[in-house]
Protein chains: 2
Amino acid sequence: MAVTMNDVARAAGVSLKTVSNVLNDYEFIRPATKQRVHDAIAELGYEANLTARSLRSGKTRMLGLVLSDLSAPYYAELASRLMTVASRRGYRVLVEQSGAAAESELTALQGPFRQLTDGLLFTPLAMEADAVASRRGSKPVVLLGEHIVDPRFDLVTMKNEEAATAVTAHLLAAGRRRIAVVGARSEESAGTSGLRLNGYRKALDDAGITFDPALVAPGEWRRDSGAAAVAGLLDSGIPFDAVFGLNDALALGAMHELLVRGVKVPQDVAVAGFDDIDEARFASPSLTTVSPGMDEIAERSIGLLIDRIEGLETADDGVHVEAGFMLKIRESAP
Amino acid sequence: MAVTMNDVARAAGVSLKTVSNVLNDYEFIRPATKQRVHDAIAELGYEANLTARSLRSGKTRMLGLVLSDLSAPYYAELASRLMTVASRRGYRVLVEQSGAAAESELTALQGPFRQLTDGLLFTPLAMEADAVASRRGSKPVVLLGEHIVDPRFDLVTMKNEEAATAVTAHLLAAGRRRIAVVGARSEESAGTSGLRLNGYRKALDDAGITFDPALVAPGEWRRDSGAAAVAGLLDSGIPFDAVFGLNDALALGAMHELLVRGVKVPQDVAVAGFDDIDEARFASPSLTTVSPGMDEIAERSIGLLIDRIEGLETADDGVHVEAGFMLKIRESAP
DNA sequence: CTGTTTCATTACATCGTTGCAGATGTTGGC
DNA sequence: GCCAACATCTGCAACGATGTAATGAAACAG
């Protein structure tokens with residue numbers, strides 16, 4: 001049905017292989033021949049069959065992106081940028097949602113998804129380092145986030161601890177003394193939540209304030225859990241004068257609940273988040289948060305992954321990249 | 001390197017073709033043979049090579065999704081659901097961002113992207129019906145949205161006009177008389193924006209209120225344009241007592257600007273949106289909006305597309321599906 | 001003028017699967 | 001006990017490209 005290389009070859013009066021050579025920028029082709037081939041391609045409207053090319057070459061020019069849920073704004077914004085950056089280097093991105101379940105992460109890592117891609121950007125949330133290490137296969141994997149920090153893996157991450165310290169210090173500098181944290185994952189001391197919590201504690205320490213575990217509320221990283229966590233805190237009667245949401249969705253949910261309950265933000269309780277999703281700027285009051293350098297993360301992670309795929313990056317140990325951050329002071333915690 | 005069908009065949013003591021038959025659920029295979037093949041597959045850890053299968057069968061089991069920008073919350077939430085629904089039927093979704101540019105839409109429709117997918121969910125925003133019709137190729141295309149409504153195409157959409165009438169009627173019922181609209185696209189009278197605007201005008205007509213073009217502000221469908229549009233209205237001194245954002249992002253941006261300027265929502269100006277993204281529930285005040293039946297849209301559009309691909313749907317004319325809507329009355333316009 | 005190098009092109013095998021047509025074995029009717 | 005009918009399995013070609021190696025032609029040195 002479709003036009004094949006053979007048709008082009010016939011039309012140009014050359015062999016099939018010469019057409020292939022032209023398309024692959026083989027060095028030694030007479031300009032006249034090249035021209036004839038290009039003319040034939042244009043005339044017939046030939047387009048290379050990517051599937052056949054993949055079968056023969058073993059490359060798909062697709063990158064896998066495994067994340068928990070594309071509807072989470074941080075991931076949506078990240079995915080959008082990753083796709084844009086990847087396309088500049090001639091790659092597409094195929095997204096797989098894991099729901100943060102170990103089982104799904106495993107199938108994304110090992111299953112057919114892997115075949116379809118030349119390399120993987122993987123945000124592990126459930127699987128541990130050894131499990132990933134033993135199943136990562138032979139194609140490049142670049143980890144995103146900080147659930148797994150291990151010299152065996154390439155990793156692109158952000159300054160979670162420093163940034164969390166900066167946000168907390170900002171709240172402290174504004175006179176807040178009882179800063180609740182929402183979104184902690186009790187089970188993990190490392191990982192994103194652990195690091196941000198560490199940053200928070202470090203700021204408290206630096207200010208000579210005792211850490212109060214009662215101010216730490218667990219929760220999934222969604223708006224509704226942020227709201228629920230704050231509802232719990234308010235109902236329990238524990239006093240607090242600020243809320244640090246471990247990500248923006250949590251913080252925005254928390255802020256919503258505060259306002260619904262008649263608590264003034266920032267007068268009674270200041271609120272800060274983490275991620276600087278677009279929504280944060282337009283919340284009311286606008287949300288003080290940390291911009292974790294998403295553009296840099298997108299650039300570097302795609303760059304690193306493609307360099308690995310194309311053999312341009314050959315470090316034996318994992319390359320670790322940490323993007324810079326910026327504190328965004330807005331109305332919710334001026 | 002990897003285990004192939006040939007290896008399995010050898011291990012099971014059958015021909016390569018029999019292995020293929022087993023995997024493709026060919027009817028006439030002795031249970032014992034089937035068992036031996038399955039055992040061999042398990043033992044060797046065989047996984048079918050999807051690329052080879054695609055080359056031979058001409059199917060990729062991937063669906064293309066073309067939308068303007070994955071970071072827009074409505075599209076992010078929709079994409080997430082589409083991927084979930086598709087995976088239940090054994091398909092993956094490959095996303096392509098068009099930026100609402102005709103050129104990008106055209107390459108998504110005609111270019112290599114098309115080869116990689118068995119069918120396309122296409123949200124046209126720039127291209128017109130004839131252009132799409134003449135370039136849609138032979139594989140199924142299901143349109144999303146209402147930029148193109150044409151009997152030649154399968155289409156899954158929502159009750160834009162009715163829903164917009166309902167929202168507007170709700171604002172009118174609450175006593176609002178000067179309802180500004182933000183996000184109009186001057187160039188289009190049909191299309192999503194045109195339909196929602198029609199709905200708005202219909203509600204005005206029903207209430208016997210004259211339409212005032214000065215209340216209609218154009219803008220891209222993003223938070224920042226919503227804010228800018230409201231800033232323009234306020235600066236121009238045109239009085240208004242409600243804002244209808246043609247989508248939630250616009251409405252949320254508009255609401256932000258109102259609050260920043262000290263305009264009380266809903267007391268001074270009520271705000272309503274369209275889409276019911278998760279963010280709307282957690283905005284402060286929470287946003288009155290229309291839930292356009294996103295789950296239904298996801299189910300039906302994937303279902304229709306896959307039915308076309310698999311030949312289960314054979315209607316000659318385009319199938320048009322319109323999801324139901326629900327008005328979500330919240331604090332911003334009680 | 002011959003032998004070697006360099007350029008330009010080609011033939012053939014191959015990637016791992018599925019479609020098609022045919023081969024073999026098995027059953028049942030008479 | 002034979003043949004038709006059916007069940008079960010197999011071989012070969014093909015999908016459309018690329019890698020390898022070989023061939024032919026031109027250029028150059030001695």
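What you see is a predicted model; the values in this text were computed from it and never measured. Every chain is numbered from 1 and lettered A, B, ... according to where its sequence line falls, protein lines coming before strand lines.
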Whole-Å distance, A/Met5 CE to C/dC12 P, equals 18 Å
B/S/- along nucleotides 4-12 of chain D (protein heavy atoms under 4.0 Å) is ---SBBBB-
Chi angles and distances behind the side chain to side chain contact (heavy atoms under 4.5 Å, CB included) call for B/Asp150, B/Leu143: CA-CA 10 Å; B/Asp150 189 301; B/Leu143 301 184; over 6 Å; no
What residues 38-50 of chain A contributes to the DNA chain C interface at heavy-atom separation below 4.0 Å is none
Without hydrogens or angle criteria, can the side chains of B/Thr4 and B/Asn6 be said to hold a donor-acceptor pair below 3.5 Å?
no
To the nearest angstrom, the CZ-P distance between B/Arg56 and C/dT18 comes to 9 Å
Taking only distance into account, with no hydrogens and no angle test, what donor-acceptor pairs under 3.5 Å do side-chain atoms of residues 110-132 of chain A form with protein atoms, sequence neighbours excluded?
residue  : atom : partner  : partner atom : Å
A/Arg114 : NH1  : A/Leu109 : O            : 3.0
A/Arg114 : NH1  : A/Arg136 : O            : 2.6
A/Arg114 : NH2  : A/Arg136 : O            : 3.1
A/Arg114 : NH2  : A/Lys139 : O            : 3.0
A/Gln115 : OE1  : B/Leu50  : N            : 2.8
A/Gln115 : NE2  : B/Ala48  : O            : 2.8
A/Thr117 : OG1  : A/Phe113 : O            : 3.4
A/Thr117 : OG1  : A/Arg114 : O            : 3.2
A/Asp118 : OD1  : A/Thr60  : N            : 2.7
A/Asp118 : OD1  : A/Thr60  : OG1          : 3.1
A/Asp118 : OD2  : A/Thr60  : N            : 3.2
A/Asp118 : OD2  : A/Arg61  : N            : 2.7
A/Thr123 : OG1  : A/Val66  : O            : 3.1
A/Glu128 : OE2  : A/His147 : NE2          : 3.2
A/Asp130 : OD1  : A/Arg152 : NH1          : 3.3
A/Asp130 : OD1  : A/Arg152 : NH2          : 2.8

Taken to the nearest whole Å, CG/A/Leu55 to P/D/dG19 is 12 Å
Double-helix bend of the helix from C/dC1-D/dG30 to C/dC30-D/dG1, axes at both ends from 5 pairs, round to 10°, gives 50°
Classify the side-chain pair A/Ser15/A/Thr18 by whether it contains a donor and acceptor separated by less than 3.5 Å. yes
B/Leu23 CG to C/dG16 C1', in whole Å, measures 12 Å
Value for CE (B/Met62) from CZ (B/Arg92), rounded to nearest 0.5 Å, stands at 8.5 Å
Just wondering, are more than 12 heavy atoms of other shown residues or ligands nearer than 6.0 Å to CZ in B/Arg81? yes
- Verify the contact: side-chain N or O of A/Ser20 to OP1 or OP2 of D/dT18, cut-off strictly under 4.0 Å; return yes or no. yes
Quick one about B/Glu146 and B/Thr192 (side-chain donor to acceptor, distance below 3.5 Å, no hydrogens or angles considered), yes or no?
yes
Taken in chain and number order and not counting sequence neighbours, the residues that satisfy side-chain contact (heavy atoms from CB on, under 4.5 Å) with A/Val85 are A/Arg88, A/Ala298, A/Glu299, A/Ile302
Rounded to whole Å, the CG-P distance (A/Asn6 to C/dA11) equals 11 Å
* Asked: Counting heavy atoms not belonging to B/Glu103, are there more than 12 under 6.0 Å from its CD?
  -> no
For A/Ala2 and A/Asp7, the nearest pair of non-hydrogen atoms, with its separation, is O-OD2, 3.9 Å
Residues 14-41 of chain A vs salt bridge (charged side-chain N to carboxylate O under 4.0 Å, His left out), sequence neighbours excluded, gives none
